[in-house]
Amino acid sequence: MDAELNEFQLQAVKSIEGAVLIIAGAGSGKTRVITYRIAHMLEKGIPQHAILALTFTNKAAREMQVRVKELTGKKLQSLTVSTFHAFGLSVLRDHIENAAVSQGENLATEQSVFSGYRKNFSIYDETDRVELIKESLRECRMASHKVDLYALGQLFSNIKTGRASWDGADIDGVSRNGEFEPVYNAYQEGLRVYNAVDFDDLLTLPLELLKENPDILKQYRSRFRYIMVDEFQDTSFLQYRLMRVLALGEDVPFSPEKKIRKKKAPDNANDAVTLPPGGIDAANVCVVGDDDQSIYSWRGANYENLLLFEKDFPGALEIKLEQNYRSTSTILEAANGVISHNANRKEKSLWSGNSGGKPVELFYPENESAEADFIASQIRHLRIMESFKNRDFGVLTRTNSLTRNIEEAFLAADIPYKISGGTSFFQRKEIKDIISYLKVIANPDDDVSLLRIINTPRRGIGKTSITALSTLARKNHSSLWDAVCRHCRSADAGQQHLFQDSKDSGDLDTFMNLIEFFRSEIIGRKSNPGQPWSLAGKVRALIDNIDYWSFLIVEHGKDEKKARWKFSNLEYFIRMIENWEKDPDNHDSGLYAWINRISLITRDDGEEDSDDKANIMTIHASKGLEFPVVFIAGAEKGIIPHERSLTENGDEAGTLEEERRLFYVAITRARKKLYITSCRNRRRLQSAVECAPSPFLEEIPPHLIEVHEPEPETEVDAETASKFMERLRARFKVE
DNA sequence: GCCCCCGCCACGCGT
DNA sequence: TGGCGGGGGC
């Protein structure tokens, strides 16, 4: 091991006791250090279950797990490597039922954070949250108030996590003070009634739980004696507090603003304290980060956590990893040239032992399809001339929408690829519909999901029925499902109906029976004779039963191709379930586990990495990864830095710096060769718009750049031309 | 009362 | 491109 690490890396790997702060520049072998460090711990006899490694993204968590597995060759049964959110979820899952029980026994204790929650709770993503906010607005009779619902959701999130208060709360710069406080309260109430949590709850509830229950906290603290946090610069204050409470057994008793604005980190941070910080009882904590790669402030990342850490863990060992092993010196110089324009950063000197390297290639394609074609043709060229594999290529974009053209070009050029990050797959209507069925089957009180499917496919339960049901539900302070059940029962008993027309009652009855049937099939694990039970099989049966295929055909009337495409997405979805069920590392099968999982993952998590495929992703998603050849596409003004981020955020200078860090992250993903493309024109809002290059391009020292000349127009022969016309006609259905 | 069709709008990152 | 809300037809 010693031979494979430099002096500082080795120190980081071997310092497993006490508190350690590792400042790891881009490409400085951070992942290597973390994996070796875990391996070293295991070698020293520290049991797997005592180690908790927290990361920011699922991708990073998976990567870390795989690397440790490879390095140690051990089965990792009780090593915890997960995202903060997934960890929070597991804490909740492990304790919600116990809490419900003990609360029943001991009502004298204060209302627990869990009151009302059952183990089958749903997790609401942003879309679900918006639906619930809509409903809450209606409930408060404020539906007519003009607000951007996503911005309101953002405000609610800030309120919940303590990043904002009602006093002076604003939405897009317009002051709203306490205007939406009742809506927020209704929203919170809704979550309780529907047995649902949002993403913020996955952090706030576990924190509350640990604070309220010293016994539970003690259990966790005596288990997790070694805590590691990756991408520390991107952790939020809430995540920091969660880590801190696990490490020190106490929460931060003040708000971050007060703490940071009024006090500076002590100058004597490195003075004498030799005891483990926080007393003998403190866990061993290691955080790893790089302030230059902080790109998630919009999600609450609080990179001043670095200062908090220095204060809360006085005497922490600070190690800087400054040697870059990843990139050629050309690429590194380009990156340093860009990032040096940021005023607000820790000074560091990242250097590379690699010499030279090819220049950064800059290309100004005419439009986005020329850009995509250029990338595709370069890849084909490099595969042959320099024998790169598909997997060696990474195409990075600022936004998800920019990946589309690239994808098309890759399809046309027959380059296998995969797109990662982005929530798009699970947000597709057909996927979300089926997931909603599953969520309702798991947790019928989940109104948001229930409303999505109660009339999808059409089953004659329209607006009027739903209004009647929700009135009934509100009267009883219950969920819609509860109202459905009450209604059906009283209808059976011949008592008064909600509806004049008994046909509607029949429709409701059928729907209720459908859900109950699949509930017993799936939760009760009923298998058909001779066939083993499988979730995938049941999901397929469900899709057949509701005749979703016919629904798609009807929905897309003329467009059968689209219907087929959507159905193939569902097939893919079912295959995902199958693969997950087959996965030997997965020891928690069943519906709840599956739903929890997919609520937290993005498209390609869990997809096989072994295939040789080119990678297309956003810059955000690329953090922590590296590729021999990187293309940064759409390096235009307005895209990076992103126009909306500049105009909408109050703190313009800070935002610009974050966008610059984003560009820096993109550059530093490249090992050998970097291409940057900036279109002269781009289709936006249905018309072509002239584009200027990103201002960040000027920050790359010019001597590192080589401008790629456009390919000469190729002569088109008659045959190619007619084939092209044919395709055009087919595409636009010209007579 | 339900559903279909059309026109309108938006298109920043992701747990 | 695609999701949605409103208005009119059934």
Side-chain angles (χ1 to χ4, degrees), chain A residues 54-61 82-89 123-127 129-131 134 148-150 154 157 161 197-203 231 234-236 238-239 295-301 396-404 420-424 426-429 432 455-468 499-501 503-504 507 554-559 562 566 596-603 605 617-623 634 638-649 655 658-659 661-662 665-666 682-686 689:
Chain A
L54 294 167
T55 65
F56 195 64
T57 62
N58 291 298
K59 221 185 173 82
S82 86
T83 63
F84 274 97
H85 286 85
F87 176 71
L89 174 63
I123 300 169
Y124 280 180
D125 64 20
E126 194 173 20
T127 335
R129 182 170 76 180
V130 164
E131 288 304 314
K134 272 189 207 164
D148 175 342
L149 291 170
Y150 285 86
Q154 199 67 50
S157 171
T161 56
V197 299
D198 62 21
F199 276 124
D200 297 319
D201 289 330
L202 291 176
L203 302 174
E231 305 290 6
D234 282 330
T235 52
S236 65
L238 208 52
Q239 289 167 331
I295 54 176
Y296 280 97
S297 75
W298 50 277
R299 247 181 56 187
L396 312 184
T397 59
R398 173 63 176 85
T399 69
N400 275 307
S401 57
L402 294 180
T403 60
R404 199 191 192 97
S420 41
T423 43
S424 52
F426 293 103
Q427 294 297 351
R428 289 186 183 150
K429 193 180 176 303
K432 253 210 126 164
N455 205 29
T456 306
R458 307 263 131 76
R459 48 172 74 86
I461 306 175
K463 238 182 224 155
T464 321
S465 317
I466 290 171
T467 312
F499 316 106
Q500 306 294 325
D501 190 347
K503 171 195 145 289
D504 290 347
D507 292 336
V554 174
E555 280 291 276
H556 299 287
K558 296 150 206 161
D559 201 348
K562 198 189 244 172
K566 295 209 161 197
N596 284 336
R597 194 183 111 86
I598 54 154
S599 300
L600 297 179
I601 63 171
T602 49
R603 178 172 172 164
D605 292 324
M617 67 187 76
T618 63
I619 302 173
H620 280 93
S622 76
K623 198 170 66 155
I639 292 182
I640 185 159
H642 200 274
E643 200 169 3
R644 253 183 91 176
S645 72
L646 291 180
T647 51
E648 277 179 19
N649 298 0
T655 310
E658 175 145 326
E659 294 284 318
R661 287 193 292 270
L662 198 51
V665 167
R682 179 178 292 278
R683 274 185 86 79
R684 279 171 104 182
L685 291 155
Q686 278 134 336
V689 176

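Every chain is numbered from 1, with letters handed out A, B, ... down the list of sequences. Please read these numbers as outputs of a predicted model, since none were measured by experiment.
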(request) Name the nucleic acid region contacted by A:E126, choosing base, sugar-phosphate or nothing; use a 4.0 angstrom heavy-atom cut-off, strictly under. (result) base

(request) Pick base, sugar-phosphate or nothing for A:N455, based on heavy-atom distances below 4.0 Å to the nucleic acid. (result) sugar-phosphate

(message) My understanding is that only residues two or more places apart in sequence, or in another chain, count here; which of them pass salt bridge (charged side-chain N to carboxylate O under 4.0 Å, His left out) with A:E658?
(response) A:R661

(message) Show, in sequence, the C-alpha distance, side-chain angles and deciding distance for A:S157 and A:D200, and conclude whether the side chain to side chain donor-acceptor pair (under 3.5 Å) test is met.
(response) CA-CA 7 Å; A:S157 171; A:D200 297 319; 2.8 Å; yes

(message) Are A:H620 and A:W298, when compared by the centres of their aromatic rings, separated by less than 6.0 Å?
(response) yes

(request) Please tell me which of the listed nucleotides, B:dC13, B:dT15, C:dG3, lies nearest to the side chain of A:K566? (result) C:dG3

(request) Give a yes/no on whether any side-chain N or O of A:R299 is located under 4.0 angstrom from OP1 or OP2 of B:dC13. (result) no

(message) Distance check needed: C:dG5 P versus A:K134 NZ, whole Å only.
(response) 4 Å

(request) Using whole Å, report how far CG of A:L149 lies from P of C:dG3. (result) 18 Å

(message) Categorize A:Y296 for me: base, sugar-phosphate, or nothing, with a 4.0 angstrom heavy-atom threshold over every strand shown.
(response) sugar-phosphate

(message) Please confirm whether the shortest side-chain N or O distance from A:T127 to OP1 or OP2 of C:dG3 is below 4.0 Å.
(response) no

(message) With the criterion set at under 5.5 Å between ring centres and under 30 degrees between planes, would B:dC13 be stacked on A:W298?
(response) yes

(request) Quickly work out the A:N400 CG to B:dC13 C1' distance and round it to whole Å. (result) 8 Å

(request) Output all residues satisfying salt bridge (charged side-chain N to carboxylate O under 4.0 Å, His left out) with A:R458, sequence neighbours left out; order by chain, then residue number. (result) A:E555

(request) Can you see which heavy atom on A:D125 is nearest to which on A:T127, and at what distance? (result) OD1-N, 3.0 Å

(request) In whole angstrom, give the distance that lies between atom OH of A:Y150 and atom C1' of B:dC13. (result) 15 Å

(request) Take the protein atom CZ of A:R428 and the nucleotide atom P of C:dT1, then report the distance between them rounded to whole Å. (result) 14 Å

(message) B:dC11, OP1 or OP2 - any side-chain N/O from A:T399 closer than 4.0 Å?
(response) no

(request) Kindly point out which of B:dG14, C:dG3, C:dG5 is positioned nearest to the side chain of A:H620? (result) B:dG14

(message) From CD of A:E659 over to P of B:dC13, roughly how many Å is that when rounded to an integer?
(response) 11 Å

(request) Could you work out which one of C:dG3, B:dC13, B:dG12 sits closest to the side chain of A:T618? (result) B:dC13

(request) Take A:H642 and A:R458, find for each the nucleotide of DNA chain B with the closest heavy atom, and name the residue whose nucleotide sits nearer the 5' end. (result) A:R458

(message) Just the rounded figure in Å: distance from P of C:dT1 to CZ of A:R404.
(response) 6 Å

(request) Could you check how far CZ of A:R398 sits from P of B:dC11, rounded to whole Å? (result) 14 Å

